[in-house]
Amino acid sequence: MRPILLQGHERSLTQIKFNAEGDLLFSCSKDHVINVWYSHNGERLGTYDGNNGSVWTVDIDSESRFLVSGAADNTLRLWNVATGKCLYTWEFPTAVKRVAFNEDDTKVVCITEQRMGHKCAVRVFDINREGEGTDQSEEPAYFFNPIGSKATVCAFTLMPNVIITGHESGKVALFNYKTGEEIESNERAHSDVVTDLQLSKDRTYCVTSSKDKIARIHDIKSLMVIKTYTTETPLNSAALAPTRPYVLLGGGQEAMHVTTTSLRQGKFETRFWHKVYEEEVGRVKGHFGPINTIAVHPAGTCYASGGEDGFVRVHHFDDSYFKAQPYGVVEIDD
């Protein structure tokens, strides 16, 4: 499984995302640039320039027409995927840490930082898909401040008007974004900050990773913990492999402590865990520093990881990956 090494960033990666077809891979990092690549050969297609700060997060709509990004320059931006043009910019008092489209691409949710006297805020914008896309409403359709611990990650669920959030305290919660009311919460989902949250294809369950060295699969409606994967290193990202019974975890000792440890001790591998049996089945080495973000191709044919070292590594799975049955025949019905 030889990786394709993508060198398009000068600083550490913050998030990578495949589009719905999986032919494009979007990457953003602390160097203000968003890159788009062909996932099959790693060729860079173009960049989205205009941010004046670290780009923390990106998301793409299901038609690969619009891209949204959130950055440390306190902006949420809407881009045209094909031309690279910035169509609209929303400005806030603090940095945007997470963005996500809803299922039918009509809304975007964004989380802004708790800083300088401003509370952590969740805003939901209606996206006007008519014409060019430059005619957007400046004000959010819905706005609320989550009570208690600040939110770090979020996503739309299939339940009407409900988003799922992960928090700094480790809790996972469901909010009605119209009223700002917390519908359900699992305070003990994790014991440290939730670093990533990725939904299953059908949005019925999600996987979360945390600095407490644990990743968990939760039922979206009840927030019940279904599976737990305990590692020995802080986790920055967790992704679900479609078509195969695996969960991919990435992390590693924090960058500031890395100079004192070897690669082996730093534990900078992508870990493959069996989704059902909660056992580690393999690791893939490669990064010279913690893995910050992992994404799996929607068809399950490859995965990409982005690290503190500024590289994106795309691994196309060998035949052996699809044929391997570490625990006998387990068919997954997606």
Side-chain angles (χ1 to χ4, degrees), residues 9 11-17 26-34 48 50-60 67-79 89-102 107-125 140 142-156 163-175 177 180 189-190 192-199 206-211 234-239 250-251 254-255 290-295 306 308:
H9 292 287
R11 296 188 61 196
S12 54
L13 271 291
T14 49
Q15 197 176 12
I16 49 180
K17 265 281 173 73
F26 295 81
S27 62
C28 62
S29 87
K30 293 181 181 173
D31 63 3
H32 311 187
V33 178
I34 303 165
Y48 301 87
N51 281 303
N52 299 317
S54 301
V55 184
W56 292 118
T57 171
V58 288
D59 199 15
I60 307 96
L67 170 79
V68 284
S69 67
D73 60 1
N74 305 353
T75 61
L76 167 70
R77 292 172 193 258
L78 182 71
W79 308 82
T89 303
W90 291 271
E91 296 197 358
F92 308 112
T94 58
V96 179
K97 295 298 278 193
R98 192 72 165 201
V99 293
F101 273 104
N102 68 344
K107 289 182 171 58
V108 163
V109 60
C110 81
I111 292 179
T112 52
E113 267 277 70
Q114 179 176 324
R115 280 271 159 83
M116 301 175 298
H118 293 280
K119 286 183 178 163
C120 166
V122 175
R123 294 174 175 85
V124 175
F125 290 91
Y142 307 103
F143 166 94
F144 69 93
N145 302 104
I147 345 131
S149 168
K150 73 174 187 187
T152 51
V153 289
C154 63
F156 283 98
I163 58 166
I164 182 167
T165 55
H167 295 255
E168 200 175 42
S169 65
K171 86 166 173 181
V172 174
L174 294 175
F175 283 93
Y177 60 75
H190 289 285
D192 204 341
V193 53
V194 179
T195 50
D196 197 10
L197 180 150
Q198 295 193 25
L199 299 174
C206 68
V207 63
T208 56
S209 63
S210 167
K211 291 278 183 214
L235 295 175
N236 297 327
S237 192
E254 286 204 25
I291 294 172
N292 292 340
T293 173
I294 292 181
E308 190 72 28

- Could you list the residues that satisfy side-chain contact (heavy atoms from CB on, under 4.5 Å) with A155, not counting sequence neighbours? I164, L197, L199
- Report the relative orientation of the aromatic rings in F92 and F125; use parallel for angles under 30°, tilted for 30 to 60°, perpendicular for over 60°. tilted
- With sequence neighbours left out, the residues meeting side-chain contact (heavy atoms from CB on, under 4.5 Å) with A173 are T165, H167, K171, F175, E182, S185
- Taking atom types as modelled and ignoring hydrogens, do the side chains of Q15 and T57 form a donor-acceptor contact shorter than 3.5 angstrom? yes
- Message: Applying side chain to side chain donor-acceptor pair (under 3.5 Å), can you list everything that pairs with S210, at least two apart in sequence or on another chain?
- Response: D212
- Looking at T94 and E113, what are the two nearest heavy atoms and their distance? OG1-O, 2.8 Å
- Message: Does any part of the side chain of K17, heavy atoms only, come nearer than 4.5 Å to the side chain of D59, both counted from C-beta?
- Response: yes
- Taking atom CD of E308 and atom CG of L13, what is their separation to the nearest 0.5 Å? 9.0 Å
- Query: Just by modelled atom types, is the I291 backbone N or O under 3.5 Å from a matching donor or acceptor in the N236 side chain?
  - Reply: yes
- Indicate whether the side chain of S237 and that of S209 have a donor and an acceptor atom separated by less than 3.5 Å. no
- Does some side-chain heavy atom of V122 sit less than 4.5 Å from a side-chain heavy atom of Y142? no
- Which value, rounded to the nearest 0.5 Å, describes the distance between I294 atom CD1 and I16 atom CD1? 7.5 Å
- Residues that R11 engages under side chain to side chain donor-acceptor pair (under 3.5 Å), provided they are two or more places apart: none
- Nearest heavy-atom pair of A95 and N74: which atoms, and what distance? N-OD1, 3.1 Å
- Shortest non-hydrogen contact from A189 to G170? CB-O, 3.5 Å
- Can you tell me how far CZ of R98 sits from SG of C110, rounded to the nearest 0.5 angstrom? 12.5 Å
- Would a 4.5 Å heavy-atom cut-off, applied to side chains only, mark T152 and I111 as touching? no
- Minimum heavy-atom distance between W56 and A72, given as atom pair plus value: NE1-CB, 3.5 Å
- Message: Quick check: closest heavy atoms across L67 and V58, and the distance to 0.1 Å?
- Response: CD1-CB, 4.2 Å
- Is the backbone N or O of D73 less than 3.5 Å from a side-chain atom of N52, with the two atoms forming a donor-acceptor pair by type? no
- Task: Grab the two heavy atoms, one from S169 and one from S149, that are nearest each other, plus how far apart they are.
- Result: N-OG, 2.9 Å
- To the nearest 0.5 Å, how far apart are CD in Q114 and CG in N145? 9.5 Å
- Message: Among residues at least two apart in sequence or on other chains, which ones pass salt bridge (charged side-chain N to carboxylate O under 4.0 Å, His left out) with K211?
- Response: none
- Query: Would you say T293 and D196 make side-chain contact, with heavy atoms under 4.5 Å?
  - Reply: no
- Message: Just verifying a value: how many Å separate H9 NE2 and I34 CD1, rounded to the nearest 0.5 Å?
- Response: 9.0 Å
- Message: Determine whether T112 and H118 satisfy the following criterion, side chain to side chain donor-acceptor pair (under 3.5 Å), listing intermediate values before the conclusion.
- Response: CA-CA 9 Å; T112 52; H118 293 280; over 6 Å; no
- Rounded to the nearest 0.5 Å, what separation is found between the CZ atom of R77 and the OG1 atom of T89? 4.5 Å
- Query: With D31, which residues qualify under salt bridge (charged side-chain N to carboxylate O under 4.0 Å, His left out), at least two apart?
  - Reply: none
